[in-house]
Amino acid sequence: MISVIVPVYNKAPYIEKCLEDICNQTYRDLEIICINDGSTDGSGEIIKTFTKKDLRFRYVEQENQGVSAARNRGLELAKGEYISFIDCDDGLERDMYDFLLRLLKKHDADIAHCGYKKIHLDGSFTAVGNNDIQLVQNGEEALECLIGGKYFTGSLWTKLYKASLFKNMKFDEQLKINEDLYMNFKVFNRAQTIVFND
């Protein structure tokens, strides 16, 4: 099972599309953990409509503490063998989890990640990567690319992780920017094999 952790704070214009994309994944064995981090714009009500029609959803409300605290709460609740983090303004290709899980299993990897498309306000998009690059790396090699900004980014939402990487590890709730890069630095350090396909 994949635990999909979705931190939510005032993203009502985007969240329905994001949650639909998660629901419609070709890989079905998901638990979708939505942490409402004190939203005041009706985001929570939108999530509740999904919990009524799809039993894979778990909904938690907390006072606003920031995205790292919301993700930490999601990690505490997660029961899956694998972890994914998705932000409310992200979209997913229908086969994203199937694709990443196949990479994990094929290479006996701890982390699998992919390229992405940047969607513009007019609906057009720019592919980031899409050069048919596949890398099978050890932790040190992947860290070199991560720190150097080569091939891939430090974002969380392009990655599927073995849940065991997060044992006794939390997001730093004091960080306001680049908390995702810092967490990836820590989990890449724990990983034996990391596979990237853009």
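The CD atom of Glu179 sits 10.0 Å away from the CG atom of Asn184 when rounded to the nearest 0.5 Å. Summarising the geometry, atom CD belonging to Glu31 is positioned 10.5 Å from atom CD1 belonging to Ile2; distances are rounded to the nearest 0.5 Å. Taking CG from Leu146 and CG from Leu181, the interatomic distance works out to 5.0 Å, rounded to the nearest 0.5 Å. With values rounded to the nearest 0.5 angstrom, Met183 atom CE is found 6.5 Å from Asn72 atom CG. From Cys18, atom SG reaches atom CG of Asp90 across 6.0 Å, with rounding to the nearest 0.5 Å. To the nearest 0.5 Å, atom CG of residue Leu165 and atom CD of residue Gln192 are 9.5 Å apart.
Residues Ile46 and Tyr14 do not share a hydrophobic cluster, defined by chaining ILVMFWY side chains whose heavy atoms lie under 4.5 Å apart. Residue Met96 is not grouped with residue Met1 when hydrophobic side chains (ILVMFWY) are merged at heavy-atom distances under 4.5 angstrom, including chains of intermediate members. Hydrophobic clustering of Ile, Leu, Val, Met, Phe, Trp and Tyr side chains at less than 4.5 Å, counting indirect connections, keeps Ile32 apart from Tyr9. Note on Tyr182 and Met169: separate hydrophobic clusters, where clusters join Ile, Leu, Val, Met, Phe, Trp and Tyr whose side-chain heavy atoms are under 4.5 Å apart, directly or indirectly.
Using modelled atom types, one side-chain atom of Ser43 and one backbone atom of Lys11 make a donor-acceptor pair closer than 3.5 Å. A distance-only check finds a donor-acceptor pair linking the side chain of Lys159 to the backbone of Ser155 [under 3.5 Å]. With hydrogens and angles disregarded, no donor-acceptor distance shorter than 3.5 Å links the side chain of Ser68 to the backbone of Glu173. Proximity of a side-chain donor or acceptor of Asp37 to a complementary backbone N or O of Val8 within less than 3.5 Å is not detected. Judged by distance alone, the side chain of Asn10 and the main-chain N or O of Thr40 form a donor-acceptor pair under 3.5 Å. Under a 3.5 Å cut-off, the side chain of Asp198 and the backbone N or O of Ile133 do form a donor-acceptor pair. With Asp21 contributing its side chain and Leu92 its backbone, the two residues share a donor-acceptor pair below 3.5 Å. The backbone N or O of Lys162 lies less than 3.5 Å from no partner atom in the side chain of Asp110, so there is not a single donor-acceptor pair.
Counting only heavy atoms from C-beta outward, the side chains of Thr153 and Tyr116 approach each other to under 4.5 Å. Here the side chains of Ile194 and Glu141 are not in contact, with every heavy-atom distance at 4.5 Å or above. Leu156 is not listed as a side-chain neighbour of Ile5, based on a closest heavy-atom distance of 4.5 Å or more. Considering only heavy atoms from C-beta on, Ile111 comes within 4.5 Å of Phe188 through its side chain. Residues Ser84 and Leu160 are in side-chain contact: their nearest non-hydrogen atoms beyond the backbone lie under 4.5 Å apart. Side-chain contact between Val6 and Cys88 is present, with at least one heavy-atom pair separated by less than 4.5 Å.
Closest heavy-atom contact between Ile86 and Pro7: O-CD, 3.3 Å. Nearest approach of Cys23 to Asp54, heavy atoms of both residues: SG-OD2, 3.6 Å. The shortest non-hydrogen separation linking Asp95 to Gln25 is C-OE1, 4.0 Å.
For the pair Glu76 and Arg73, the salt-bridge criterion is met [side-chain N within less than 4.0 Å of a carboxylate O].
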Between Glu20 and Lys17, does a salt bridge (Lys or Arg N to Asp or Glu O under 4.0 Å) hold up when you go through it step by step?
-> CA-CA 5 Å; Glu20 283 176 355; Lys17 166 76 166 65; over 6 Å; no
Carefully, step by step, assess Leu19 and Cys34 under the rule side-chain contact (heavy atoms from CB on, under 4.5 Å).
-> CA-CA 9 Å; Leu19 297 182; Cys34 296; 3.9 Å; yes
Can you list the steps and then say if Ser3 with Ile83 is a side-chain contact (heavy atoms from CB on, under 4.5 Å)?
-> CA-CA 5 Å; Ser3 296; Ile83 301 282; 4.0 Å; yes
Intermediate values then yes/no, side-chain contact (heavy atoms from CB on, under 4.5 Å), Gln134 and Leu103 | CA-CA 10 Å; Gln134 179 164 303; Leu103 285 176; 3.8 Å; yes
side-chain contact (heavy atoms from CB on, under 4.5 Å) between Leu75 and Lys170, worked out = CA-CA 8 Å; Leu75 284 172; Lys170 288 186 172 187; over 6 Å; no
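Between Tyr161 and Phe85, the angle of the ring planes goes over 60°, which puts this pair in the perpendicular group of the 30/60° scheme. In this structure, Phe57 and Phe50 have tilted ring planes: the angle between them lies in the 30° to 60° band. Between Phe171 and Phe166, the ring-plane angle classifies as parallel under the 30° and 60° cut-offs.
Put simply, the residue from Phe99, Trp157, Phe196 that forms a ring-ring contact (aromatic ring centres under 6.0 Å, His included) with His113 is Phe196.
Residues that satisfy the salt bridge (charged side-chain N to carboxylate O under 4.0 Å, His left out) test with Glu81, not counting sequence neighbours, are absent from this structure. The salt bridge (charged side-chain N to carboxylate O under 4.0 Å, His left out) check on Glu144 picks up nothing, with sequence neighbours excluded. Under the salt bridge (charged side-chain N to carboxylate O under 4.0 Å, His left out) criterion, Asp87 pairs with Arg71, sequence neighbours left out. Every residue two or more places apart in sequence or in another chain was checked for a salt bridge (charged side-chain N to carboxylate O under 4.0 Å, His left out) with Arg190, and none qualifies.
Annotation: salt bridge (charged side-chain N to carboxylate O under 4.0 Å, His left out) contacts involving residues 97-107, sequence neighbours excluded, are absent. Every pair passing salt bridge (charged side-chain N to carboxylate O under 4.0 Å, His left out) that includes a residue from residues 115-125 is listed here, sequence neighbours excluded: Glu93-Lys117.
Within 6.0 Å of the NZ atom in Lys79, the count of heavy atoms belonging to other residues, nucleotides or ligands does not exceed 12.
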